[in-house]
Asks: 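Here it is, the structure in full.
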Amino acid sequence: MSDVRVGVYICHCGKNIAGVINPAKVAEFASKLPNVVVARDYMYMCSSPGQSLIEEDIKKYNLNRVIVAACSPRMHEPTFQAVLKRAGLNPWLLQMVNIREHDTWVHEDTPDKAEEKAKELVAAAVARATHLYEITTEKAPVVKSALVIGGGIAGIRAALDLANAGIKVYLVEKRQSIGGRMAQLDKTFPTLDCSKCILTPLMVDVARHPNIEIYAYSEVVDVSGSAGDFKVKIKLKPTYVDWSKCTGCGTCVEKCPGKAPNEFDEGLGFRKAIYFEFAQAVPRRPVIDPRYCLWFTKGICRVCSKVCPVGAIDYEQKERYVELNVGAIVVAIGYEIYDMTKMVEYGYGKFKNVITGLQLERLSDADGPTKGRIVRLSDGREPKTVAIVLCAGSRDEKHVRYCCRFGCAAALKHVYYVKHAVPDAKVLVLYTDVRAFGKGFEEFYQKVRSWDDVYFIRGRPAEIFEDKDGSLIFDVYDSNTNQLINVRADLVVLESAVVPPKDWEPLRRLLKVSCDPGGFALELHPKLRPFETTADGIFLAGTIQGPKDIPDTVAHAAAAAAVAIGFLLKGYVESVPYLATVNEDLCSGCGLCVSVCPYDAITIEEKEGRRVAKVNVIRCKGCGACAATCPSGAMQQHYFTDTQILSEVSTLAGGAK
Amino acid sequence: MSEGVFEPRIVVFACNWCSYAGIDLAGTSRIKYPHNVRIIKVMCSGRVNPEMVLKALVDGADGVLITGCHPGDCHYISGNYKTMRRYFLLRKLLKQLGLEERVRLEWISASEGERWARVATDFVEHIRRLGPLKLKEVMSSE
Amino acid sequence: MSLDVRLIDKKILEDVIELVKPHTPQYCYQCAKCTSACSTSKVLPEYKPHLIVALTRLGLIKELLNSGIIWACSECWKCAEYCPQNVAPVEVVIALKNLAIAMGYKPPEDLKVMAKNVIELGYISPPIEVLSKEFEMYSRTTLELPPLIKPYINTEAVNNLRKLFGGVL
Amino acid sequence: MSKFLLFLGCTIPTKQYAYEISARNVLPRLGIELVDFPEAGCCGFPLKGINKKGWVYMSARILSIAAKKGLPILALCNGCDTSLRKIKDILKHDEVLRNEIAELLSREGIKLNFNVDVYHTIEVLHDFVGIERIKALVVRPLKGIKIASYPGCHMLRPTDIPRPEPSGEPKKFDSILSALGAEVGYYPDKGGCCGATMLPYSPKHAFKLTAIKIKNMKDFGFQATTTSCPYCMEMLDSKQDAIRAEVGDDTLSIPVFYITQLVGLAIGLKPKELGLNLNLSPVEEVLERLGVSIYE
């Protein structure tokens with residue numbers, strides 16, 4: 001192909017690449033490759049002058065292929081495609097070469113080999129580029145509605161922002177009320193304002209917003225379609241109460257004789273078998289828990305049905321399904337605390353007076369199981385010595401590797417709870433590092449340090465034992481005083497590690513979102529695109545992207561909403577360029593491609609008396625399974641044709657000449 | 001090849017969504033592994049056909065590694081199951097040619113930068129032990 | 001006491017890493033959970049596993065070896081069990097003991113006797129007569145237990161033992 | 001009938017005779033066939049501080065000889081059990097060391113082979129004999145006696161290799177005691193250290209550590225304690241007098257038994273058959289309650 005004119009650009013990426021290999025040598029090598037008209041190296045290819053350099057070269061040398069050897073295409077492919085576009089070239093005539101993540105960052109010990117590798121990768125790209133051709137993409141309209149999964153503070157904030165921008169929002173919450181973790185908290189750090197006082201008005205706003213529809217006690221069970229046009233199936237779990245009739249008067253709850261452990265209170269205290277999740281629940285509608293309801297377990301009672309003034313109780317209710325059509329999905333399903341029974345050494349679950357920070361929140365809450373009294377669970381006595389253990393399970397190779405990012409500040413807040421409820425209590429804060437990094441946190445930390453009978457001990461207990469009276473005895477080495485301290489505490493509070501919710505894994509698979517090593521959703525870029533996922537049209541809000549405190553969660557959720565709004569209001573999505581395409585002259589109509597297509601995007605049709613495959617470009621997502629299966633080579637995938645891949649294979653297998 | 005140390009040449013097919021991202025993660029985390037691997041991006045491991053694998057071996061590669069998302073994680077619903085089926089068929093063919101030790105299928109997720117480094121190191125060492133393939137020389141001399 | 005940064009000796013750390021792998025003493029972030037757990041520390045407060053790791057990290061082990069405190073480890077393995085970073089201070093201590101011996105430091109006398117007995121008898125001690133509460137002496141013979149045989153009879157085997165442990169005698 | 005090589009280690013055959021006597025008399029009655037293994041010797045555990053490689057060599061040697069006999073090993077001693085399993089793990093993962101050890105062994109005509117199963121007394125009792133079987137054989141239940149199980153460190157740790165019991169919550173020991181009819185229960189630091197390994201460094205400090213353990217047991221109302229480790233026995237039982245003297249607390253007195261001795265008592269064996277006359281702690285307190293004379 002004599003008309004192929006290739007320009008090759010080797011990026012230094014500062015020292016990231018040039019610190020290991022010599023980009024000038026790679027450029028020199030490239031300049032001698034067939035069809036290469038110009039080859040250059042430059043300090044930062046992605047910078048404005050770097051981009052201009054390419055743009056000018058395209059015009060000056062009449063280039064029709066561009067190769068950029070720099071970072072991962074996952075980082076800057078769109079950047080350089082835009083350069084081609086500006087210079088009047090089709091963006092798919094670009095070929096990126098990853099010489100940073102795949103080369104200099106991992107082979108700095110063998111710089112010669114790294115340079116050789118860079119040359120080979122460039123040579124393979126040049127070989128491949130010869131076979132690139134223009135690809136045109138289609139624009140498909142976007143459905144102007146969004147699904148928000150999870151009704152905690154992240155979901156609430158994202159839903160409100162989306163709705164205020166005029167977007168129809170469906171908010172799906174698995175529990176019967178929105179509010180999430182924040183509703184369980186008594187106060188919020190560092191300002192110590194009442195958590196519910198700032199949360200419940202937002203919950204009400206959500207309920208009243210004309211653009212928001214809440215699906216409480218519901219779960220996402222299926223997701224199909226693609227960015228801009230998702231089809232989502234929601235399961236409405238049976239509540240055994242007809243919520244359309246119910247007025248939320250609460251007579252049923254009052255009269256119910258059933259008794260069940262209270263999940264909202266973290267297992268402390270009890271609730272009825274028919275219950276509201278908490279006093280300010282939104283929607284304020286009760287649910288029957290069939291595991292504890294006497295009608296479901298023993299076939300007796302039916303008191304709720306008898307007392308309901310509007311006849312809303314429906315023991316026969318079955319689960320229902322709703323199908324929604326949305327353009328974007330915001331995942332805001334939050335976090336769970338790490339199962340503290342797994343840290344056997346701290347005795348949680350075995351010793352009654354070892355509790356989690358979240359349990360202390362419930363004890364401290366005026367609306368909680370003890371009406372705000374902080375007590376020992378073993379005997380209801382006021383604790384006179386309380387030990388708060390930081391990093392319980394966090395930063396631990398045997399449990400959770402990462403930092404929970406709110407344990408330190410929560411611990412400081414928990415000191416306040418204890419000192420407020422039991423002013424003469426002695427409080428020990430057992431820390432490894434106090435990471436008071438947020439706005440106002442350091443000032444808060446300073447204030448707490450000054451309080452009477454509060455001691456900061458730099459150390460971590462290893463084993464907690466229970467004495468006969470339920471007190472907890474343990475040693476902790478304090479590296480501030482260089483002493484082993486013998487502690488006898490009435491109450492131990494574990495600031496537990498944070499993990500993704502259990503139901504995340506199945507949802508993640510439905511959404512085709514990748515996860516990070518901790519199991520949280522993987523963002524598109526850790527710094528620049530922390531609200532987006534590898535799946536187009538699916539956004540992240542709050543702690544499902546990684547542990548966060550409330551200020552960060554709200555900021556993250558609002559930003560996710562803003563990005564989602566931008567996506568939805570743009571009005572169209574560009575079709576995937578990597579679509580399947582048929583060479584009808586070669587196709588024998590055998591239909592193997594039809595059998596492997598996961599999207600039913602291929603049909604066999606009659607054309608001029610022959611049977612040939614036909615690709616539905618709207619359905620095709622560009623996996624290439626059909627192209628891999630086609631026995632005649634008639635089925636190809638744009639940007640990944642057999643010829644393109646094989647030319648790359650051949651060069652890399654044979655080495656650069 | 002320098003001073004008699006056999007440096008295997010290995011072609012890797014990596015799917016865009018999981019494995020390529022996982023290999024990128026090894027890079028951003030600066031987890032080192034042998035330089036011998038050359039990565040080719042495909043959108044899905046299900047795009048890789050036997051011809052590509054054989055072409056790599058015939059044209060000079062000493063080993064081929066196909067990487068994709070873990071079962072159940074495929075971005076395209078079931079592409080990796082197709083890869084798996086095709087891989088088992090391919091292995092039968094390779095076995096007849098005495099090449100089955102040279103091709104491997106591995107699942108690398110986007111979060112498994114460390115695992116990728118282990119897999120790459122292990123495979124390079126494995127191929128190093130097997131020695132050079134020299135299929136290209138054999139075929140051109142025949 | 002002040003520390004001159006030029007005294008840092010990374011060779012020591014390298015030797016220790018080699019002996020404790022796959023544990024990684026460099027990961028230690030000094031939470032001192034090991035010392036909170038340490039059995040020895042409960043009765044001998046100057047024994048501090050987290051400090052031993054920190055000093056090893058810098059290669060400043062001379063004091064530790066001179067004082068002989070590394071031999072106080074009760075080898076209960078609690079430090080390794082609870083260490084959040086898989087450092088396993090007990091393994092570091094065992095490595096330091098090995099280094100100390102290689103550098104010519106002497107272990108506690110009882111341990112030397114054990115080594116001698118192992119080389120000569122194959123056991124850390126010869127079978128002894130024990131005294132009961134009733135002040136009667138008992139031996140394997142009087143208790144009708146089968147006699148012990150020497151497990152290391154082969155000359156090469158004894159040579160092996162001598163080579164491995166003979167240095168402390 | 002399960003068959004094991006009876007691996008005694010050093011401490012048991014050279015001074016802790018009661019463990020050997022009781023094991024030899026009790027286990028066969030529970031359907032366990034014991035094959036003598038006198039060519040084993042020391043596992044090397046006490047000498048790892050001098051030379052870790054020497055320890056690996058000694059344990060590897062024992063494993064290799066056992067592998068040739070084709071029988072699993074029953075290690076009575078916690079230290080031996082840890083040692084053999086730890087060395088199996090080390091040899092599996094460290095190729096360089098493996099080759100070195102294989103070389104050392106080949107000089108004395110032994111082929112390195114560590115493909116052999118190792119079990120501890122507690123596992124043999126709990127997993128091979130089984131709780132139901134033990135229950136069925138009990139003729140003299142240890143009723144009304146509150147016994148503190150004392151597993152000892154190396155029964156539980158290090159956890160990067162398989163241990164008979166999990167570190168946090170040892171259960172097998174107590175379930176055996178319950179099967180014998182004894183009362184069991186919690187006390188602080190059940191998985192703690194007896195201090196035996198500190199002896200060469202400082203007996204004084206080692207005794208203090210044991211004293212804490214006995215105090216915990218007494219405080220929580222235990223009338224006796226039992227272990228399966230000759231080192232723990234040495235500290236708790238043989239040195240009990242010295243410990244009382246060291247800490248100056250005469251109340252630190254508790255009968256101490258090997259678990260095999262308690263099983264033997266419960267299934268009707270005579271104290272002599274269990275070597276109970278060799279225990280130095282006041283075991284007669286328990287025997288009296290069972291109506292057994294130590295002179296039987």
Side-chain angles (χ1 to χ4, degrees), chain A residues 71-75 96 98 100-110 112-114 116-117 120-121 124 128 508-509 512 514-520 522 526 534-535 576 578 596 598-599 621-625 627-630 633 637 639-640 642 645-646 648-655, chain B residues 2 7 9 11 13 16-18 20-44 46-53 55-62 64 69 72-79 82-83 86 109-114 117 136:
Chain A
C71 51
S72 171
R74 296 167 58 83
M75 180 79 204
M96 290 282 291
N98 187 340
R100 193 179 73 173
E101 282 85 345
H102 290 188
D103 192 10
T104 58
W105 272 355
V106 286
H107 307 319
E108 61 170 336
D109 293 348
T110 49
D112 293 350
K113 294 290 179 188
E116 194 181 311
K117 182 169 178 174
E120 284 181 23
L121 292 171
R128 188 183 200 273
R508 187 179 79 72
R509 292 190 171 206
K512 305 288 167 211
S514 301
C515 64
D516 67 20
F520 291 97
L522 185 72
T534 47
V576 177
Y578 323 111
V596 298
Y599 302 102
K621 299 281 171 286
C623 67
T629 311
C630 180
Q637 182 186 12
Y639 207 64
F640 292 95
D642 283 349
I645 298 174
L646 288 172
E648 202 177 351
V649 167
S650 185
T651 316
L652 291 177
Chain B
S2 59
E7 289 294 354
R9 181 170 286 284
V11 169
F13 294 97
N16 178 62
W17 304 99
C18 294
Y20 197 91
I23 298 170
D24 271 4
L25 180 65
T28 43
S29 317
R30 313 295 201 277
I31 305 167
K32 288 168 189 165
Y33 54 85
H35 56 81
N36 313 59
V37 288
R38 304 282 184 267
I39 289 119
I40 295 177
K41 185 172 97 169
V42 283
M43 293 311 286
C44 176
R47 174 66 183 96
V48 181
N49 66 23
E51 187 190 355
M52 296 169 188
V53 177
K55 174 92 174 155
L57 296 174
V58 168
D59 281 0
D62 301 299
V64 176
C69 309
D73 265 1
C74 179
H75 188 79
Y76 300 107
I77 303 172
S78 57
K82 292 177 191 114
T83 313
R86 205 176 284 137
S109 82
S111 61
E112 292 178 330
E114 279 181 48
K136 197 174 187 175

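What you see is a predicted model; the values in this text were computed from it and never measured. Only this structure's heavy atoms are used, side chains among them; waters, hydrogens and symmetry mates stay out. Chain A is the first sequence line, chain B the second, and so forth, proteins listed ahead of strands; every chain is numbered from 1.
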Asks: Need one label for A:Ala625: side chain, backbone, both or neither, based on atoms under 4.5 Å from any heavy atom in chain B.
Replies: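 Both parts, heavy atoms under 4.5 Å.
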
Asks: Between A:Glu101 (side chain) and A:Ser72 (backbone), is there a donor-acceptor pair under 3.5 Å?
Replies: yes

Asks: Which atoms of B:Glu51 come close to chain A, meaning under 4.5 Å heavy atom to heavy atom: side chain ones, backbone ones, both, or neither?
Replies: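 Backbone plus side chain of B:Glu51, per the 4.5 Å heavy-atom cut-off to chain A.
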
Asks: Under a 4.5 Å heavy-atom cut-off, does chain B meet the side chain of A:His102, its backbone, both or neither?
Replies: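 For A:His102, the contact with chain B is made by backbone and side chain together.
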
Asks: Heavy-atom cut-off 4.5 Å, strictly under: side chain, backbone, both or neither for A:Leu646 against chain B?
Replies: both

Asks: Under a 3.5 Å threshold, yes or no: a donor from one side chain and an acceptor from the other, between B:Ser111 and A:Asp516?
Replies: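 Per modelled atom types, B:Ser111 and A:Asp516 side chains form no pair under 3.5 Å.
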
Asks: Chain B: which of A:Pro73, A:Ala653, A:Ala628 shares the most heavy-atom pairs with it under 4.5 Å?
Replies: A:Ala653

Asks: Side chain, backbone, both or neither: which part of B:Val64 has an atom under 4.5 Å from a heavy atom of chain A?
Replies: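 Neither part; nothing is under 4.5 Å.
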
Asks: Quick one: what part of A:Arg508 sits under 4.5 Å from any heavy atom of chain B, side chain, backbone, both or neither?
Replies: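 For A:Arg508, side-chain heavy atoms alone lie under 4.5 Å from chain B.
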
Asks: Any idea which of A:Asp109, A:Leu522, A:Asp103 has the most non-hydrogen atom pairs under 4.5 angstrom with chain B?
Replies: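 Among the listed options, the one with the most contacts to chain B is A:Asp109.
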
Asks: Taking side chain as everything from C-beta outward and backbone as N, CA, C, O, which of these in A:Phe640 sits under 4.5 Å from a heavy atom of chain B? Side chain, backbone, both or neither.
Replies: both

Asks: Which atoms of B:Tyr20 come close to chain A, meaning under 4.5 Å heavy atom to heavy atom: side chain ones, backbone ones, both, or neither?
Replies: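 Interface part for B:Tyr20: both.
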
Asks: Between B:Lys55 and chain A, with a heavy-atom cut-off of 4.5 Å, which part of the residue counts as in contact: side chain, backbone, both or neither?
Replies: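 Both parts, backbone and side chain.
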
Asks: Hey, which of B:Val11, B:Ile31, B:Ile40 has the most heavy atom pairs under 4.5 Å with chain A?
Replies: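 It is B:Ile40.
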
Asks: Hey, which of A:Arg74, A:Gln637, A:Glu108 has the most heavy atom pairs under 4.5 Å with chain B?
Replies: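 Top option by heavy-atom pairs under 4.5 Å: A:Arg74.
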
Asks: Between A:Thr104, A:Val596, A:Thr629, which residue shows the highest count of heavy-atom pairs closer than 4.5 Å to chain B?
Replies: A:Val596

Asks: Provide the closest heavy-atom pair for B:Lys82 versus A:Pro598 in the form atom of the first, atom of the second, distance.
Replies: NZ-CD, 3.8 Å

Asks: Going by disulfide (SG to SG under 2.5 Å), name the residues that satisfy it together with B:Cys69, two or more places apart in sequence or in a different chain.
Replies: B:Cys18

Asks: Considering only heavy atoms from C-beta outward, does the side chain of B:His75 approach that of B:Met43 to under 4.5 Å?
Replies: no

Asks: For A:Thr534, which atoms come within 4.5 Å of any heavy atom of chain B: side chain, backbone, both, or neither?
Replies: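 For A:Thr534, heavy atoms of backbone and side chain both lie under 4.5 Å from chain B.
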
Asks: Give me the ring orientation class for A:Tyr599 and B:Tyr76: parallel if the planes are under 30° apart, tilted from 30 to 60°, perpendicular past 60°.
Replies: perpendicular

Asks: Who among B:Asn36, B:Val58, B:Val42 has the most heavy-atom pairs with chain A under 4.5 Å?
Replies: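 Between B:Asn36, B:Val58, B:Val42, the count favours B:Val42.
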
Asks: Regarding B:Lys32 and A:His107, is there a side-chain donor-to-acceptor distance under 3.5 Å anywhere?
Replies: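 No.
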
Asks: Has the side chain of A:Glu648 got a donor or acceptor atom that lies under 3.5 Å from a matching backbone atom of A:Ile645?
Replies: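 Pair absent, no side-chain N/O of A:Glu648 close to backbone of A:Ile645.
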
Asks: Return the option, out of B:Asn49, B:Asp24, B:Thr83, B:Ile77, with the maximum number of heavy-atom pairs under 4.5 Å with chain A.
Replies: B:Asp24

Asks: Any carboxylate oxygen within less than 4.0 angstrom of a Lys/Arg side-chain nitrogen, looking at A:Asp642 and B:Arg47?
Replies: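 Between B:Arg47 and A:Asp642 there is a salt bridge, with a charged N closer than 4.0 Å to a carboxylate O.
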
Asks: Tell me, for B:Ala117 versus chain A, whether the close heavy atoms (under 4.5 Å) come from the side chain, the backbone, both or neither.
Replies: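 For B:Ala117, no heavy atom lies under 4.5 Å from chain A.
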
Asks: Counting only N and O atoms by type, is there a donor-acceptor contact under 3.5 Å from the side chain of B:Thr28 to the main-chain atoms of B:Leu25?
Replies: yes

Asks: Rounded at 0.5 Å granularity, tell me how far OG1 in A:Thr651 sits from CG in A:Leu121.
Replies: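 With rounding to 0.5 Å, OG1 (A:Thr651) is 10.5 Å from CG (A:Leu121).
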
Asks: Between B:Arg9 and A:Glu120, does any NZ, NE, NH1 or NH2 come within less than 4.0 Å of an OD or OE carboxylate oxygen?
Replies: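 Yes, A:Glu120 and B:Arg9 are salt-bridged.
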
Asks: Side chain, backbone, both or neither: which part of B:Asp62 has an atom under 4.5 Å from a heavy atom of chain A?
Replies: neither

